[in-house]
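Index from 1, following the sequence. Atoms within a ligand are numbered from 1 in the order they appear, just like the ligands themselves.
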Amino acid sequence: MKNLTLQITLDQYQNEEELTDIDRNLLNQARLATYKSYAPYSNFHVGAAILLDDGTIVSGNNQENAAFPSGLCAERSAIFWTGANYPEKKIKSIAVVARPGGSDLFRGVSPCGACRQSILEYETRQKSPIRLILVGSDHSILITHSIGDLLPLKFEEF
Ligand code: THU
């Protein structure tokens, strides 16, 4: 028996001024998307913005439902819409952010396991990595090189 240690590398930026214009804009699109979320039950508004390889930006947000499991997270709303409308385009990056309690204050969130698995499928399908842009609690920005990094021992053939 031996122990295996898995490692991932994230890029951390002290604040969003350090980001490229393209990444900063994507983050702002995710913030804007929170204002169209439908979250009357949790009052936790999540926005996701997806950058495609031709520069197109697709955004989505969480859509809740009185039958709770029927609702959908922001990331999957955005990526399924992207898959439905731009199946031939590659996804380069996804920015995610939350706005709790109907305020104008934003908070960092990281995609739930189901969203990671769903995004991974698009990464595998397009054969190129999908970057994830997240905001840390200290306002630093974390960028993963690939969604697969956030899902060790992921469900796929190996
Ligand atoms: N939510 C997302 O939109 N993305 C996630 O990755 C996790 C949670 C939503 C689901 C629900 O509408 C609200 O946040 C509170 O859990």
Just by distance, no angles: are the side chains of Glu75 and Ser118 close enough, under 3.5 Å, to form a donor-acceptor pair?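 No pair is found: no donor N or O on one side chain lies under 3.5 Å from an acceptor on the other.
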Can you tell me which residue and heavy atom of the protein come closest to atom 12 (O) of ligand 1, and the distance to 0.1 Å?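 Nearest protein contact, heavy atoms only, for atom 12 (O) of ligand 1 is Glu64 OE2, 2.5 Å.
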Per the side chain to side chain contact (heavy atoms under 4.5 Å, CB included) rule, which among Pro111, Ser93, Ser146 passes with Leu132?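 That would be Pro111.
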Could you verify whether a donor N or O on one side chain and an acceptor N or O on the other, from Thr144 and Asp149, lie under 3.5 Å apart?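 No, no side-chain donor-acceptor pair sits under 3.5 Å.
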Pairs of nitrogen or oxygen atoms closer than 3.5 Å, one from Ala74 and one from ligand 1: do any exist?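 Between Ala74 and ligand 1, an N or O pair is found under 3.5 Å apart.
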Are a donor atom and an acceptor atom from the side chains of Gln63 and Asn61 found within less than 3.5 Å of each other?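 Result is yes, a qualifying pair exists.
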If you round to the nearest 0.5 Å, how far is CD1 of Ile130 from CD of Glu123?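 Those atoms lie 5.5 Å apart.
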To which protein heavy atom is atom 9 (C) of ligand 1 closest, and what is the distance rounded to 0.1 Å? Asn62 ND2, 3.7 Å
Ring pair (Phe, Tyr, Trp, His ring centres under 6.0 Å) contacts in which one or both residues fall within residues 24-81, not counting sequence neighbours: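 The answer is Tyr41-Phe68.
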For atom 4 (N) of ligand 1, what's the nearest protein heavy atom and its distance? Glu75 OE1, 2.8 Å
Compute the shortest N/O to N/O distance between Cys73 and ligand 1 and return yes if it is under 3.5 Å, no if not.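 The answer is no, given that Cys73 and ligand 1 share no N or O pair closer than 3.5 Å.
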Looking at atom 16 (O) of ligand 1, tell me if a protein heavy atom falls under 4.0 Å from it.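 Protein heavy atoms within 4.0 Å of atom 16 (O) of ligand 1 - there are none.
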Which of the numbered atoms in ligand 1 are below 4.0 angstrom from a heavy atom of Ser42? 13 (C), 15 (C)
contact_flag Pro111 ligand 1 heavy-atom lt 4.0 Å: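 Yes, Pro111 has a heavy atom closer than 4.0 Å to ligand 1.
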